[in-house]
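Please read all numbers here as calculations on a predicted model, not as lab measurements. All residue numbers in this chain count up from 1 along the given sequence.
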Amino acid sequence: MADEKREIERKYESDDSGLPDLTGVGGVASVLDKGVVELDATYYDTVDERLATASLTLRRRTGGADAGWHLKFPVAPGVRDEIRAPLSDTVPDEIAALVRSRVRDDELIPLVRLRSARDVRHLVDADGTLLAEASVDTVTAERLNGKGGAAQWTEIEVELADDGDPAFLDRVEKRLRKSGVRPSTSPSKLARALEQTAPRRRRRTKPAQPVTAGDHVLAYLRAQRDVVVELDPAVRRDVPDSVHRMRVATRRARSTLRTFRNVLDRGATDPLVAELKWLAGELGIDRDQEVLADRLTKALDDVPPALVTGPVRERITGWAEARHRGAHSHLTGVLDSRRYLTLLDTLDRLLADPPLRKAAGKKPRKALGKAVRKDLAKVSALVEQSMELSPGEDRDHALHEARKKAKRTRYAAEAATPALGGPAGSLAKSMKSLTSLLGEHQDSVMARHTLRELSAVAHAAGENTFTYGLLHGRQEARATRTEEDLPGLWKKIGSSVPG
């Protein structure tokens, strides 16, 4: 079973390769010599180094206290999440799953071998509590695919103890700099090894700036693809908000393909649109439950204790936890499915060889502006229609449809903003305000439905259901307020959106 650890560390270089005395820095009472540890790590990647390109590192390491498989995800400069699994001859399944969105069906092969002699020091306070581990690593790197050479270097590494204060590293760095030690120019040992053992110096070309309508649409679509791929492992690890962000990227990609059919041939994109809709729906199972659970919990927090009758909180919490476990297990299966991987492959192929129409080669202002205005007209018709309906299920449905079209228009405006500038940006903000209001209404609809279900279960168990009725009434009142606020917001949007 894999374990997870947040790693906060900094790497340095020194001309004399020495570690200065750190006693007295930031509460360091003693520097304990822990001896030299021999580490031997083999780093795995695809032939075209997809993991390294994304700043991910996958290694099998022997030696030291944490021998095993390690997969590291960048979080921030000097901060990475490390997933660990026990030693085995092949990449563990739970590790392989976390890189599947990038690797797909390609093979993970040994790419680089790093052997390090690590001279370890423990920085401890007056109570003997570990503050950080400092080490001087003498590293030998060797390319394993026969296309490069070898390299050697020495570096200093300071890793913060678990639950330590990152400000401590600032104080250590200040002392190191005064001693002539400088921050490393490489973010990781692997990055340095790849650079120094490459058969020729790598050239990184900057992506071309969007010029045509097609360029802008493809750039936005490519960005959403990248977000989906990047968030895949976070969703598998159940990182907070990851499902929501992945769902939004999926919807943005789908909306882009639907809105800009004047740029991309729908005959080629419609099958992908259908698959993106499927994926967004699967992501929505977990996300919708998450939103509902948070809404009901906060609503119950606002109820005076005297009005809470029966184990209402326990029922809401139990319902939320059970639904989340089931939804997350189902979603993990979706991400492991052939259908999902085929979707990613199809999106890659479309971006590599896009089915461009004639309008794609034109200047973006006219082509993109026309598509965005068409979406806005659909939103306008739906909002106007919904406001004419009486309160009830028909109006609820109409408002939900208006919300979906408003989201699509918002995403279209976002995609067009680099080309159209301020007007598109203003439209995106207006559509965000509209979707927020309509989202509040839809959430109240779903909350009332769930409260009726929970109330029925509680009633069958012989519990007092007064509080469920109270919560239901409050949710209904919130929906009424959004319906009353809609005409004013829509009038404001109409006066601010450029024609």
Does any N or O in the side chain of Ser135 come within less than 3.5 Å of the main-chain N or O of Val158, such that one atom is a donor and the other an acceptor? no
Step by step, would you call Arg408 with Thr259 a side chain to side chain donor-acceptor pair (under 3.5 Å)? CA-CA 8 Å; Arg408 176 173 160 182; Thr259 295; 3.2 Å; yes
Flag the pair Arg478 and Asp443 as a salt bridge only when some basic side-chain nitrogen lies within less than 4.0 angstrom of an acidic carboxylate oxygen. no
Ignoring hydrogens and angles, state whether a donor on the side chain of Arg59 or Thr42 is under 3.5 Å from an acceptor on the partner side chain. no
Side-chain donor/acceptor of Arg252 to backbone N/O of Tyr411, under 3.5 Å: no
Answer yes or no: is there an ion pair linking Glu82 with Arg84, defined by an N-O contact shorter than 4.0 Å? yes
Under a 4.0 Å threshold between the charged nitrogen and the carboxylate oxygen, would Arg236 count as salt-bridged to Asp232? yes
How about Arg102 and Leu56: do any of their side-chain heavy atoms sit closer than 4.5 Å? yes
Correct closest heavy-atom pair for Val383 and Ala402 would be CG2-CB, 4.0 Å
Charged N to carboxylate O under 4.0 angstrom, Glu463 versus Arg315? yes
Is the backbone N or O of Ala428 less than 3.5 Å from a side-chain atom of Arg410, with the two atoms forming a donor-acceptor pair by type? no
Return the set of residues passing side-chain hydrogen bond (donor to acceptor under 3.5 Å, both in side chains) with Asp127 (not counting sequence neighbours), or none when no residue passes. none
Count the heavy atoms belonging to other residues, nucleotides or ligands that lie under 6.0 Å from NZ of Lys374, then report whether that count exceeds 12. no
Is there a donor-acceptor pair under 3.5 Å between the side chain of Ser380 and the backbone N or O of Leu376? no
Considering non-hydrogen atoms only, spot the tightest contact between Ala85 and Ile95 and give its length. CB-CG1, 4.0 Å
I need the Lys378 NZ to Thr409 OG1 distance, nearest 0.5 Å. 8.5 Å
Please find the pair of heavy atoms, one from Leu276 and one from Thr250, that lie closest to each other, and give the distance. O-CG2, 3.3 Å
Thr46 and Asp106: side-chain donor and acceptor closer than 3.5 Å? no
Roughly how far apart are Asp485 CG and Lys492 NZ, rounded to 0.5 Å? 11.5 Å
For Glu401 and Leu382 the tightest heavy-atom approach is O-CD1, 3.8 Å
Main-chain N/O of Gly128 paired to Asp125 side chain as donor or acceptor, under 3.5 Å: yes
Just checking Glu393: does its CD atom have more than 12 heavy atoms from other residues, nucleotides or ligands closer to it than 6.0 angstrom? no
Residues Glu157 and Arg10 bridged, charged N to O under 4.0 Å: no
Does Arg313 come within less than 4.0 Å of Asp301, counting only side-chain N to carboxylate O? yes
Salt-bridge criterion met for Asp345 and Arg104 (N-O under 4.0 Å): yes
Nearest non-hydrogen partners of Pro166 and Ile8, listed with the distance: CG-CD1, 4.4 Å
Just by modelled atom types, is the Ser386 backbone N or O under 3.5 Å from a matching donor or acceptor in the Arg395 side chain? yes
Can you tell me if CG on Asp93 sees more than 12 non-hydrogen neighbours from other groups inside 6.0 Å? no
Answer with yes or no whether the side chains of His244 and Arg287 bring together a donor and an acceptor at under 3.5 Å. yes
Among Leu368, Val263, Leu221, find the one that has a side-chain contact (heavy atoms from CB on, under 4.5 Å) with His216. Leu368
Sequence neighbours excluded, every pair satisfying ring-ring contact (aromatic ring centres under 6.0 Å, His included) that has a member inside residues 56-86: Tyr44-Trp69
Check each of Val457, Leu296, Leu454 against Tyr468 using the side-chain contact (heavy atoms from CB on, under 4.5 Å) test, and report the only one that passes. Leu454
Going by an N to O cut-off under 4.0 Å, is there a salt bridge joining Asp294 and Lys298? yes
Per the side-chain hydrogen bond (donor to acceptor under 3.5 Å, both in side chains) rule, which among His324, His328, Arg247 passes with Asp286? His324
Could you tell me if Gln475 and Arg295 have a donor-acceptor pair between their side chains, going purely by distance under 3.5 Å? yes
Is there a donor in the side chain of Glu476 and an acceptor in the side chain of His472, or the other way round, less than 3.5 Å apart? no
One thing to verify: whether Arg339 and Glu275 come together as a salt bridge, which I'm taking to mean a side-chain N less than 4.0 angstrom from a carboxylate O. yes
Sort out for me which residue in Lys5, Arg80, Lys11, Arg6 forms a salt bridge (Lys or Arg N to Asp or Glu O under 4.0 Å) with Glu159. Lys5
Of all heavy-atom pairs linking Val124 and Leu130, the shortest is CG1-CA, 4.0 Å
Whether the Gln289 and Trp319 side chains hold a donor-acceptor pair (N or O, under 3.5 Å, no angle test) is what I'd like checked. no
Does Asp375 come within less than 4.0 Å of Lys405, counting only side-chain N to carboxylate O? no
